[in-house]
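Each chain gets a letter, A, B and so on, in the order its sequence line appears, and its residues count up from 1.
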Amino acid sequence: MEQNKPRFRFAPSPTGGLHIGTARTALFNWLSARSMGGDLILRIEDTDLKRSTKEYEESIINDLKWLGLNWDEFYRQSERLNLYKSEAERLLKEGKAYMCFCSSERLEALKDKLISEGKPLGYDNKCRNLSEDEINDNLGKGIEYTIRFKVNPKEIKFNDLIRGEIKFSSEVISDFVLIKSDGTPSYNFAVVVDDNDMRITHVLRGEDHITNTARQIMLFESLGYKIPYFAHLSMILGKDGAKLSKRHGSTTITQFKEEGYLNEAIANYLSLLSWAPRDGEEIFYLNDILNKFKISDISKNPAIFDVDKLNWLNGNYIRKKANEELVELVLPFLIKENIIKSIDINEQASRNKIIKCVDAFKDKIKTLAEFPVYAKDFFSDKISYYDEDAINILKSDTSIKVINMFANKLTQISDSIKTIKDNTDNSNILTEDLAKEIINEVGSSLQAENIKGKLLYMPIRASLTGKVHGPDLPKVISILGKEECLKRINQTISFLNNNKI
RNA sequence: GGCGCAUUCGUCUAGUGGUCAGGACGUAGCCCUCUCAAGGCUAAAACAGGGGUUCAAAUCCCCUAUGUGCUACCA
């Protein structure tokens with residue numbers, strides 16, 4: 001039953017990057033097509049020659065792939081202009097369309113007049129019934145013309161797969177342009193011709209196209225085409241309920257990528273905007289919901305974009321990643337912040353250190369971009385500054401005893417325990433377990449003074465990092481290694497002396 | 001202005017005539033814990049308003065309000 005195979009299309013316009021709302025439309029088309037065993041067609045709607053660019057087209061395609069979407073066929077409207085023209089001429093011949101010689105100045109003036117009179121906007125059909133002579137006369141003078149569709153009054157109905165029955169009266173629709181004076185088709189015309197030619201069975205698009213559907217159905221009928229199913233997705237709004245725009249923050253997939261969001265998280269979040277699995281599961285990969293996805297389950301309410309929930313999801317996916325994979329993802333961000341140089345990334349030693357850092361911070365960060373902020377301190381060879389809280393801890397009498405004892409025990413450990421830097425195969429390093437042992441030894445050595453818990457850990461932490469917060473202390477020690485720890489303790493001790501603390 | 005679409009906790013949503021209106025994010029508290037996170041537990045938090053229909057309405061109908069979209073030789 002090949003001819004019954006559902007065919008979906010996704011039709012972005014390359015006049016900007018892939019917007020988050022457009023990405024969601026693409027995603028739902030992909031989900032629909034793939035869950036129904038259908039085809040997905042990517043169609044670039046670049047009939048606006050002035051605003052469309054090749055760069056945006058590439059960026060959109062890259063971002064779609066990055067999200068994990070794929071498609072079966074690819075078209076560009078700018079390469080199909082002849083088809084639109086011949087179909088328009090057919091309508092012209094059949095008397096269903098006509099040439100309009102009105103100048104844009106006249107149309108502008110007409111619009112202003114209608115607004116000032118408070119009347120419904122629209123074309124006044126001036127050229128609808130021009131005589132043969134008038135037409136030839138205009139053509140002879142070389143006046144530019146558009147081709148307009150003759151709208152006949154009738155009721156238009158369609159059954160939206162998401163919203164149910166939607167009705168319009170065509171009386172509110174005036175004769176609209178099919179072919180612009182530069183020969184390119186208008187949006188509504190190109191869409192209809194293409195959807196028919198590409199044998200599209202399901203048109204799933206944004207809610208902003210609901211009223212266009214009325215025009216398009218008239219065209220489908222006039223051209224003798226089969227009318228596809230329609231489904232309209234709600235809009236994505238900003239936190240204040242207004243349509244999502246730049247002033248709400250990032251709006252394109254490229255921007256989210258640069259901010260350190262994972263493709264899995266974005267795809268997951270976007271699919272949760274207007275849809276929810278019956279079982280209530282909220283964290284999933286796209287492929288895992290294909291058997292649960294149904295167009296009729298899509299919600300019709302507008303959805304407000306909630307960065308907090310995206311962050312939560314992103315954090316979840318970061319935590320799920322294997323350390324090695326996370327290192328690769330985090331590398332560009334480290335390089336961008338000048339924390340490591342791109343030449344270092346092939347060195348096993350610095351890789352090992354990044355792995356340890358990634359392991360230490362992966363359950364702390366919500367985006368990849370946050371990683372350098374935390375990791376920074378561990379890649380500089382000294383403590384950059386001391387927090388007030390840290391200084392307060394270092395002040396206490398027992399602290400200096402703990403620090404000295406810790407330095408003592410650390411010095412005693414075997415020289416075969418190397419720092420990460422001198423080590424290429426990641427063996428013989430100061431492990432977390434060993435670090436933990438050393439801390440415990442410090443504790444038992446100072447048992448008489450009853451130093452344990454906070455009194456034991458905090459001085460060491462403060463002397464090593466200048467802060468009271470951070471990853472588990474054994475992790476901190478392991479990342480820094482023996483020599484770096486001793487170096488930092490020395491720095492702390494001279495800091496205390498110099499400031500007479 | 002005309003027409004269309006929408007309206008359940010702050011946010012995403014479940015719910016399709018009878019539910020203590022459920023879950024998730026966020027928020028608060030508690031537990032875990034050297035700290036920060038993560039994790040676990042608990043709590044506060046919603047049917048836009050008004051009319052109908054019905055024994056019974058978040059659910060069906062009407063009106064109002066609010067939001068949003070279209071009304072282009074943009075898509």
- Task: Under 4.0 Å between any heavy atoms, over every strand shown, what does A:D472 touch: base, sugar-phosphate, or nothing? Just pick one.
- Result: base
- A:K119 NZ - B:C3 P separation (whole Å): 16 Å
- Task: Under 4.0 Å between any heavy atoms, over every strand shown, what does A:T15 touch: base, sugar-phosphate, or nothing? Just pick one.
- Result: nothing
- Item | A:L273 CG - B:A14 C1' separation (whole Å) | 16 Å
- Mind checking side-chain hydrogen bond (donor to acceptor under 3.5 Å, both in side chains) for A:D160 and listing every partner two or more places apart, or none if nothing turns up? A:H232
- Between A:H469 and A:Y374, does a side-chain hydrogen bond (donor to acceptor under 3.5 Å, both in side chains) hold up when you go through it step by step? CA-CA 11 Å; A:H469 301 313; A:Y374 289 105; over 6 Å; no
- Check the surroundings of atom OH in A:Y56: do more than 12 heavy atoms from other residues, nucleotides or ligands lie under 6.0 Å from it? no
- Message: Base, sugar-phosphate or nothing for A:I460? Non-hydrogen atoms, less than 4.0 Å.
- Response: nothing
- Identify whether NZ of Lys or CZ of Arg in A:R80 sits under 6.0 Å from the centre of the six-membered ring of A:Y75 and within 45° of that ring's axis. yes
- Relative to the ring of A:F101, is the ring of A:Y145 parallel (under 30°), tilted (30 to 60°) or perpendicular (over 60°)? tilted
Do any N or O atoms of the protein come closer than 3.5 Å to N or O atoms of nucleotides 30-33 of chain B, and which pairs are they?
none

- Message: Distance check, C1' atoms only: B:G39 and B:A65, in whole angstrom units.
- Response: 45 Å
- Message: By the 4.0 Å heavy-atom rule, please label A:P474 as base, sugar-phosphate, or nothing.
- Response: base
- Query: How far, in whole Å, is B:G23 from B:A43 if one measures between their P atoms?
  - Reply: 10 Å
- Message: Is it the case that B:C73 (base atoms only) and A:S181 (side chain only) share a donor and an acceptor within less than 3.5 Å, ignoring hydrogens and angles?
- Response: yes
- Task: Remember a base hit wins even if backbone is also touched, and classify A:T211 as base, sugar-phosphate or nothing at under 4.0 Å, heavy atoms.
- Result: base
- Item | Rounded P spacing from B:G49 to B:U54 in Å | 23 Å
- Message: Counting the atoms with a prime plus P, OP1 and OP2 as sugar-phosphate, which does A:V177 contact under 4.0 Å by heavy atoms, base, sugar-phosphate, or nothing?
- Response: sugar-phosphate
- Query: If you look at every strand shown and take non-hydrogen atoms under 4.0 Å, does A:K167 touch a base, only sugar-phosphate, or nothing?
  - Reply: sugar-phosphate
- Task: For A:R215, report the nucleic acid contact type (base, sugar-phosphate, nothing); a contact means any heavy atom under 4.0 Å.
- Result: sugar-phosphate
- Select base, sugar-phosphate, or nothing to describe what A:S274 touches, counting heavy atoms under 4.0 Å on all strands. sugar-phosphate
- Message: Please report the interatomic distance CZ(A:R76) to CD(A:E79), rounded to the nearest 0.5 Å.
- Response: 4.5 Å
Tabulate atom names and distances for all N/O pairs under 3.5 angstrom spanning the protein and nucleotides 20-28 of chain B.
{"unit_1": "B:A24", "atom_1": "O4'", "unit_2": "A:E282", "atom_2": "OE2", "d": "2.7"}
{"unit_1": "B:A24", "atom_1": "O2'", "unit_2": "A:E282", "atom_2": "OE2", "d": "2.5"}
{"unit_1": "B:A24", "atom_1": "O2'", "unit_2": "A:K309", "atom_2": "NZ", "d": "3.4"}
{"unit_1": "B:A24", "atom_1": "N3", "unit_2": "A:K309", "atom_2": "NZ", "d": "3.3"}
{"unit_1": "B:C25", "atom_1": "O2'", "unit_2": "A:K309", "atom_2": "N", "d": "3.3"}

- Rounded P spacing from B:C31 to B:C36 in Å: 13 Å
- Query: Can you tell which of B:C73, B:A75, B:G1 lies closest to the side chain of A:Y187?
  - Reply: B:A75
- Message: Can you tell me the base-pairing partner of B:U16? Count Watson-Crick or G-U wobble geometry only, both distances below 3.5 Å, and say none if there is no partner.
- Response: none
- Hey, does A:R9 have a side-chain heavy atom less than 4.5 Å from the side chain of A:L42? no
- Task: To the nearest Å, give me how far apart CD (A:E281) and C1' (B:C12) are.
- Result: 15 Å
- Message: Using a heavy-atom cut-off of 4.0 Å across all strands, would you classify A:R319 as base, sugar-phosphate, or nothing?
- Response: sugar-phosphate
- Please tell me which of A:Y457 and A:S169 maps to the more 5' nucleotide of RNA chain B, matching each residue to the nucleotide holding its nearest heavy atom. A:S169
- Item | Atom-to-atom span, CG of A:L121 to P of B:G1 - whole angstrom | 12 Å
- Message: Counting C-beta onward and ignoring hydrogens, is there a side-chain heavy-atom pair between A:L233 and A:E207 closer than 4.5 Å?
- Response: no
- Nucleotide forming a Watson-Crick or wobble pair with B:U7, both distances under 3.5 Å: B:A65
- Partners passing ring pair (Phe, Tyr, Trp, His ring centres under 6.0 Å) against A:Y98 (at least two apart in sequence or in another chain): none
- Task: Please measure how far the P atom in B:A6 lies from the corresponding atom in B:A48, and state the result in whole Å.
- Result: 14 Å
- Task: Give, for atom CG of A:D308 and atom NZ of A:K366, the distance between the pair rounded to the nearest 0.5 Å.
- Result: 9.0 Å
- For A:H232, answer base if it contacts any base atom (sugar-phosphate contacts may also be present), sugar-phosphate if it contacts only those atoms, and nothing otherwise; contact means non-hydrogen atoms under 4.0 Å. nothing
- Item | Between B:U19 and B:G26 - P atom distance, rounded Å | 32 Å
- Note on the structure: note: A:H248, atom NE2; B:U11, atom P; distance rounded to Å ~ 14 Å
- With both distances under 3.5 angstrom, what nucleotide forms a Watson-Crick or G-U wobble pair with B:U35? none
Detail all sub-3.5 Å separations between protein N/O atoms and N/O atoms belonging to nucleotides 66-68 of chain B.
none

- Task: Determine the interatomic distance between P on B:U7 and the same-named atom on B:A37; round to the nearest Å.
- Result: 38 Å
- Task: For A:R43, report the nucleic acid contact type (base, sugar-phosphate, nothing); a contact means any heavy atom under 4.0 Å.
- Result: nothing
- Applying salt bridge (Lys or Arg N to Asp or Glu O under 4.0 Å), which residue pairs with at least one partner in residues 212-222 of chain A are found, sequence neighbours left out? A:K154-A:E221
- Using Watson-Crick or G-U wobble geometry with both distances below 3.5 Å, tell me the partner of B:G2, or none. B:C70
- Nucleotide paired to B:C41 in any strand shown, Watson-Crick or G-U, under 3.5 Å: B:G29
- Query: Counting side-chain heavy atoms from C-beta on, which of B:C34, B:C3, B:G69 comes nearest to A:V172?
  - Reply: B:C3
- Task: From the options B:A75, B:U35, B:G39, select the nucleotide whose nearest atom is closest to the side chain of A:N212.
- Result: B:A75
- The answer to which of A:N301 and A:T47 contacts RNA chain B further toward the 5' end, by nearest nucleotide, is A:N301
- Task: Give the intermediate values and the outcome of side-chain hydrogen bond (donor to acceptor under 3.5 Å, both in side chains) for residues A:D46 and A:S78.
- Result: CA-CA 6 Å; A:D46 53 355; A:S78 60; 2.8 Å; yes
- Item | Neighbour count above 12 (heavy atom, 6.0 Å) for A:F74 CZ | yes
- Message: Once you apply a heavy-atom cut-off of 4.0 Å, does A:I304 come out as touching a base, just sugar-phosphate, or nothing?
- Response: sugar-phosphate
- Query: Of the nucleotides B:G4, B:A75, B:C34, which one has an atom closest to the side chain of A:R461?
  - Reply: B:C34
- Checking A:E134 side chain against A:L130 main chain: does a donor-acceptor pair fall under 3.5 Å? no
- Message: So, under a plain 3.5 Å distance rule, would you say the side chain of A:R163 forms a donor-acceptor pair with the base of B:C5?
- Response: no
- Query: Does B:A58 pair with anything, Watson-Crick or G-U wobble, both distances under 3.5 Å, and if so, with which nucleotide?
  - Reply: none
- Query: Given the C1' atoms of B:G40 and B:U33, what is the spacing between them in whole Å?
  - Reply: 13 Å
- Ring centre gap for A:F378 and A:F361 strictly below 6.0 Å: yes
